[in-house]
Amino acid sequence: MLLAIDTSAGTSVAVVDRDRGILAQADEADTRRHAEVIGTLIERVLAEAGVTPRELSGVVAGMGPGPFTGLRVGIAAARAFAFGIGRPVVPLVSHDALALDAREPLLVVTDARRREVAWSSYAAADELGLPVRVGGPRLASPGDLEAAVDRYAGYLRLDAAAIPAGPLGMLGERLFAAGRAFGPTEPLYLRAPDVTPSTGPKRVTG
Amino acid sequence: MRAEPLVLGIETSCDETGIGIVRGTTLLANTIASSMDEHARYGGVVPEVAARAHLEALRPTLETALAEAGVTLDELDAIAVTSGPGLAGALMVGVGAAKALAISLGIPLYAVNHLVGHVGADLLHGPDEPEHELELPTVALLVSGGHTSLLLVRDLANDVELLGETIDDAAGEAFDKVARLLGLPYPGGPQIDAAAATGDPRAIRFPRGLTAPKDQERHRDDFSFSGLKTAVARWVEAARDRAELEGASEVSVPDVAASFRESVADVLTAKAIAACTRLEVPRLLLGGGVVANARVRALAQERADAAGVTLRIPPLSLCTDNGAMIAALGARLMREGHEPSGLDVGADSTLPVTTVQA
Ligand SMILES: [Zn+2]
């Protein structure tokens, strides 16, 4: 059994089991309250699934892409929870959750703020139903998306407002069962921090 | 007798990832990872850079602290975390992690005030040192790159009052900015301190912010360093122009540094001691990274002695931002029977000092 946490858009938390599927999932759509709701949602899914922390064998973390501040809350929580129970973190690309069992080529598009979207493109899922990502995750302005994605017209476009932790957790279970590798160990910020290196002091007198 | 609670504290309000472990008032570990070097090229703390660094530092810092304290996670009685004030994105990393850690271990969470944590630092003592009670009431002067606050603490857990704070820059920020102006690297505090050692503090009379009689009404206990920073900039620019035009000697960095530092130390300590006298509280506690400044400490001691005020300065490693002070405050709240914080507690970048526990 795995706990799964994704805060790449809103906040979504789930408990999943390889054989029994998604046991519980709880979501908060608000994209500015991750730190507030994360604890309550974790507690709720554990209670609903009737699972104690020690029964879990790992914690799935949605590594983005997503807006920095919220994304980090989920990754911090996943890492801390995994540390607390002495089990591994299972990092995954958040978009991959939506391409699980995809029957046709799929383009996942999410909001990246600052008038940009994040996108990942997928071929139809493989023989195990696992996602086959062929492009992304990357950023594009909405107007440039068609040009940015190779063979754009060949994909079924899926604009997602949230990444549900249930499917993300199931992806973790199925990747593990298939002996496949997990996702990136570092957050997919896709943007450098907003800073301008110091150019020396400015004059205050004319 | 029941053993004192074993508490792990998480502090991520600015650029230090601090994990501390205490048993009651006994300090067992105080581990800090700083992203200061990453901010150096920007001349100040960059919030997004700090928040990213917290996320990366969290686990290694936790591991080091537990090893240093010689305790395991199973032994912990509670998690304490800074919920504010501080940089919002940075605070959220700590709050998210603290909640998850508390739930994973099935133990309570205490979300506490960073500034009151600085006062709580004075509760701590080493395993081989005697206990000492925090004598109350006390005035506390907390000065760092992120805050400049004057508090009146009547009861650490229940009664803390904000007397005043900076209305513009924090004192530590002023040190950074003036250091930059003088071509000295970041962080500015230690650089100014070193440069000032051979300078004359009376060489230039820089302004003392909010000390004029007209400020005594509204801003008696408040601070302002923005005007001082501008005054230093003007003075340095004028001196450099003179040097260029008339071949006068270049700016004396030691004199500027010493005179600037004197202005900051003068205002900080004068206002703190005045508050002690006015409120008839014969105790002053210092906290925050600016306590590392030799002149601030010396002038505080001199004036405290003259005013009959007992001055307390915790060890520097407990004055700069750290997780041990957060753990200490959490342990105190727990011992006094305060209920744990709700799991829905948020990060509040402007948490008032009157809210000791969020
Ligand atoms: Zn501080």
Side-chain angles (χ1 to χ4, degrees), chain A residues 3 5 7 11 13 28 32-47 52-54 56 59 61 67-87 89 185-187 189 191-206, chain B residues 10 12 38-44 46-52 54-56 58-59 62-63 73 76 79 83 88-89 91-107 109 177-178 180-183 186 229-234 236-238 241 342-347:
Chain A
L3 176 69
I5 300 175
T7 56
T11 306
V13 182
E28 166 60 57
R32 302 195 173 270
R33 295 184 60 227
H34 304 96
E36 269 158 272
V37 302
I38 190 83
T40 318
L41 296 187
I42 293 174
E43 222 182 29
R44 192 188 305 164
V45 295
L46 290 174
T52 62
R54 296 295 166 125
L56 298 164
V59 183
F68 315 152
T69 310
L71 178 63
R72 260 192 302 268
V73 173
I75 298 173
R79 287 180 176 173
F81 199 102
F83 183 68
I85 58 174
R87 298 288 187 174
V89 178
T185 51
E186 297 311 315
Y189 292 123
R191 266 190 205 122
D194 234 351
V195 286
T196 2
S198 154
T199 53
K202 291 189 200 72
R203 278 190 75 101
V204 298
T205 45
Chain B
I10 301 178
T12 64
E38 294 172 58
H39 303 288
R41 51 195 281 238
Y42 308 114
V46 180
E48 176 60 23
V49 171
R52 290 186 182 192
H54 285 309
L55 183 61
E56 298 321 310
L58 208 59
R59 185 175 172 135
L62 278 167
E63 282 171 343
L73 286 169
L76 295 175
I79 303 294
S83 67
L91 288 167
M92 282 183 213
V93 174
V95 169
K99 287 179 180 179
L101 189 57
I103 298 169
S104 75
L105 299 171
I107 57 177
L109 174 73
K177 288 175 179 172
V178 167
R180 236 178 100 183
L181 203 71
L182 295 174
Y186 174 87
K229 172 198 69 193
T230 309
V232 176
R234 281 176 191 283
V236 169
E237 281 166 20
D241 289 349
L343 277 180
D344 57 349
V345 67

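A note on names: the letters A, B, ... follow the listed sequences, proteins ahead of strands, and every chain is numbered from 1.
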Once you round to the nearest 0.5 Å, how far does CD of E56(B) lie from OG1 of T185(A)? 8.0 Å
Take R54(A) and L105(B) through the side-chain contact (heavy atoms from CB on, under 4.5 Å) test and state the conclusion after the steps. CA-CA 9 Å; R54(A) 296 295 166 125; L105(B) 299 171; 4.0 Å; yes
Do you know the tightest heavy-atom contact between L73(B) and F83(A)? CD1-O, 3.4 Å
salt_bridge(K99(B), E36(A)) N-O dist < 4.0 Å: no
Indicate the atoms forming the closest heavy-atom contact of D194(A) with V46(B), along with that distance. O-CG1, 4.3 Å
Nearest heavy-atom neighbours spanning G96(B) and I38(A): CA-CG2, 4.2 Å
Shortest non-hydrogen contact from A80(A) to A100(B)? CB-CB, 4.2 Å
Option that, when pairs with chain B are counted at under 4.5 Å, heavy atom only, ranks first among V59(A), I75(A), L3(A): I75(A)
L56(A), part contacting chain B, at a heavy-atom distance under 4.5 Å: neither
Rounded at 0.5 Å granularity, tell me how far CZ in R72(A) sits from CG in L58(B). 12.0 Å
What option among D344(B), V95(B), L55(B) has the most heavy-atom pairs under 4.5 Å with chain A? L55(B)
The interface call for V345(B) against chain A, heavy-atom contacts under 4.5 Å, is backbone
Would you mind telling me which of T7(A), T52(A), V73(A) has the largest number of heavy-atom pairs within less than 4.5 Å of chain B? V73(A)
Out of G342(B), S104(B), G183(B), G89(B), which one racks up the most heavy-atom pairs below 4.5 Å with chain A? S104(B)
Part of L101(B) within contact of chain A (heavy atom distance under 4.5 Å): both
salt_bridge(R52(B), E186(A)) N-O dist < 4.0 Å: no
OG1 on T69(A) to CG on L91(B), rounded to 0.5 Å: 11.5 Å
